[in-house]
Structure formats: structure tokens, C-alpha cells
Amino acid sequence: MERVRRKALVDAALRVIGDHGSLTVTMSDIARQAGVSPALAHHYFGSKEQLLIETIRSLLRQLRDDTVAALAAARTPRARLSAVIRVSFHADQFAPETIAAWLAFYAEAQRSDETRRFLVIYARRLRSNLLADLKVLLPADAAERIAEGAAAMIDGLYIRQSLKSAPIGIEASIALTEDYLNALLATASPSPRSEKGRPHRTTQGQMT
């Protein structure tokens with residue numbers, strides 16, 4: 001029951017942050033959304049700050065788990081790149097409340113070292129996952145440049161979606177990122193590396 005209630009509070013925090021578009025929510029707001037008392041919310045998390053940190057941890061865990069599963073199903077470097085892109089725009093990650101929550105956490109990172117640390121983890125994971133397979137296809141300098149560009153494009157599409165002035169759907173976002181990747185892959189010189197003996201990826205951003 002504790003695990004269920006903690007998850008309900010994290011899910012409620014995500015929805016409330018998304019609705020408000022900022023972290024200026026109260027524990028009472030979150031508890032009301034979860035259908036529990038503020039006292040019970042404090043019992044499980046101690047403070048609103050601890051609950052918010054657990055919320056961003058939950059977002060990162062879900063993104064990591066989805067990415068690991070997608071990479072495990074892909075068989076070539078190019079397919080793994082597509083897997084990373086598709087996971088980034090997965091319906092759960094691209095839901096309006098999730099996008100609003102991510103942006104709220106980015107704003108909070110200007111003041112909170114702990115929040116900034118979690119967002120740096122996200123950025124490093126995304127770059128690492130793109131770079132690992134780009135380096136199989138391209139020389140290192142080209143791979144790094146394209147990985148940075150693709151990561152920036154993914155983040156930029158999230159920002160545009162949040163503005164809703166020119167909303168872009170999931171498939172359109174995937175297609176735009178794939179077009180960018182295909183255009184640069186077509187003009188870059190291939191890497192001398194081959195897939196023979198390439199280590200098997202076991203976790204996001206890690207290989208054995």
C-alpha cells in the first residue's frame with residue numbers, strides 16, 4: 001500500500017505541476033489530486049521538495065527503462081538511433097502535462113543544484129545513446145557534432161510543443177528529427193569501424 005500511495009502522489013504531482021506550469025504548487029494541491037490527506041503526503045515524502053525530486057526521478061527512470069527496451073529490440077546502429085528518437089517522443093513523454101513538468105523542472109534548475117544535477121543526467125544519457133551508435137557510422141568528430149544537433153533538436157521540439165503556438169505531433173516530431181539525421185548521415189564520410197565485435201548494449205548509455 002505504501003508503494004501504491006507513493007506512486008499515486010508522484011503521478012498527482014506530475015499532473016498538478018503540468019496544470020500549473022510551474023513548481024509553485026502546494027503539498028495540499030498534490031494530496032487533493034491524489035485523493036489523500038496532506039498529512040499522509042508529508043508522512044510518505046517529508047516535504048514538497050522531496051516529492052518533487054522523486055517526481056523527476058520517476059520521469060528519468062521511465063525514460064531510461066523505455067530506452068533500454070527499445071535499444072534491446074534494435075539490431076543495427078541506425079535502428080538504435082531511430083529507437084532513441086522514437087522513445088524521446090513516446091506518447092507518455094510527449095503528453096502535455098509531462099512536457100509542462102519538464103519545463104518547470106528546467107526553470108527550477110536555475111535555482112536548485114539537485115534539480116540541475118538530474119537534468120544533466122538526462123542530457124548526458126541522451127547524448128551518450130546517440131553518440132554510441134553514431135560513432136559506429138561516422139568519424140568521432142562528425143558523430144559528436146550530429147549527436148549534439150539531434151539532442152538539441154529533440155529538446156527544441158519539446159519547447160515548441162509546450163508553446164502550442166505551432167503544435168507538432170509525435171509522428172511529425174519523429175519525422176523531422178529523422179530527416180535531420182538522414183541528411184547529415186548522407187553527407188558525412190563513413191567510419192572505418194564495423195559492427196564486428198561491437199559490444200552489446202545492456203543499459204542506457206552503458207555497454208559491456
Practice problem: List the steps and the verdict of side chain to side chain contact (heavy atoms under 4.5 Å, CB included) for F105 and T55. | Solution: CA-CA 10 Å; F105 282 120; T55 302; 4.2 Å; yes
Quiz prompt | Single hit among L103, L14, D92, L63 for side chain to side chain contact (heavy atoms under 4.5 Å, CB included) with T98 | solution = L14
Self-check item: Ionic contact status for R5 with E2, cut-off 4.0 Å
Solution: no
Quiz prompt | OG on S37 to CG on L40, rounded to 0.5 Å | solution = 5.0 Å
Quiz prompt | Rounded distance [0.5 Å steps], CD in E114 versus CG in L119 | solution = 11.5 Å
Practice problem: Compare every heavy atom of I17 with every heavy atom of A101, then report the nearest pair and how far apart it is. | Solution: CA-CG2, 3.8 Å
Exercise. Start with the C-alpha distance between L131 and I146, add both sets of side-chain angles, then the distance that settles side chain to side chain contact (heavy atoms under 4.5 Å, CB included), and finish with yes or no.
Key: CA-CA 8 Å; L131 192 55; I146 294 174; over 6 Å; no
Quiz item: In terms of hydrophobic clusters joined by side-chain contacts under 4.5 Å, are I121 and V87 together?
Solution: yes
Quiz item: Hey, what do you get for CG (L71) to CG (N129), rounding to the nearest 0.5 Å?
Solution: 5.5 Å
Quiz prompt | Presence of salt bridge, E148 and R145, under 4.0 angstrom | solution = no
Exercise. Say whether, by atom type as modelled, one donor and one acceptor occur between the side chain of D29 and the main chain of T26 under 3.5 angstrom.
Key: yes
Practice problem: Find the distance between CG (L185) and CG (L138) and round it off to the nearest 0.5 Å. | Solution: 5.5 Å
Quiz item: Judged by atom type as modelled, is there a donor-acceptor pair below 3.5 Å linking the side chain of H20 to the main-chain atoms of S22?
Solution: no
Quiz item: Are K7 and D11 close enough for a salt bridge, meaning some N to O gap below 4.0 Å?
Solution: yes
Quiz item: Angle class for the F89/Y158 ring planes (parallel below 30°, perpendicular above 60°, tilted otherwise)?
Solution: parallel
Self-check item: Minimum heavy-atom distance P38-S28, with the two atoms named
Solution: CG-OG, 3.7 Å
Practice problem: Working to the nearest 0.5 Å, report the span between OG of S173 and CD of Q161. | Solution: 6.5 Å
Quiz item: Are E171 and R86 close enough that some pair of their side-chain heavy atoms sits under 4.5 Å apart?
Solution: yes
Exercise. Determine the minimum heavy-atom distance between F118 and L60, stating which atoms define it.
Key: O-CD1, 3.6 Å
Quiz item: Yes or no on side chain to side chain contact (heavy atoms under 4.5 Å, CB included) for I53 and E49, after CA distance, side-chain angles and deciding distance?
Solution: CA-CA 6 Å; I53 289 298; E49 289 69 28; 5.6 Å; no
Quiz item: What heavy-atom pair brings R116 and A109 nearest, and what distance separates the two atoms?
Solution: NH2-O, 2.8 Å
Quiz item: Does the T187 side chain pair with the main chain of L184, one donor and one acceptor, at a distance under 3.5 Å?
Solution: yes
Exercise. Specify the closest pair of heavy atoms between I30 and V16, including all atoms of both residues, with the distance to one decimal.
Key: CA-CG2, 4.2 Å
Practice problem: Please assess S58 against R61 for the test side chain to side chain contact (heavy atoms under 4.5 Å, CB included), listing each intermediate value before the final yes or no. | Solution: CA-CA 5 Å; S58 177; R61 278 197 300 267; 4.0 Å; yes
Quiz item: Does I159 share a hydrophobic cluster with Y122, counting links as ILVMFWY side-chain heavy atoms below 4.5 Å and allowing steps through other members?
Solution: yes
Practice problem: Check whether any side-chain N or O of R6 sits under 3.5 Å from a backbone N or O of Y44 as a donor-acceptor pair, and report yes or no. | Solution: yes
Quiz item: Got a sec: does the CZ of R3 have more than 12 other heavy atoms crowding it under 6.0 Å?
Solution: no
Quiz item: Roughly how far, to the nearest 0.5 Å, is CE of M153 from CD of E178?
Solution: 10.5 Å
Exercise. Measure from the side-chain N and O atoms of K135 to the backbone N and O of A142, and report whether any donor-acceptor pair falls under 3.5 Å.
Key: no
Practice problem: Kindly give the heavy-atom pair with the smallest separation between L130 and A147, and that separation in Å. | Solution: CD1-O, 3.7 Å
Self-check item: Residues, nucleotides or ligands: over 12 heavy atoms within 6.0 Å of R117 CZ
Solution: yes
Quiz item: Under 4.5 Å between any side-chain heavy atoms of S128 and R124, yes or no?
Solution: no
Exercise. Using the salt bridge (charged side-chain N to carboxylate O under 4.0 Å, His left out) rule, pick out the option among R75, R78, R80, R127 that qualifies with D133.
Key: R80
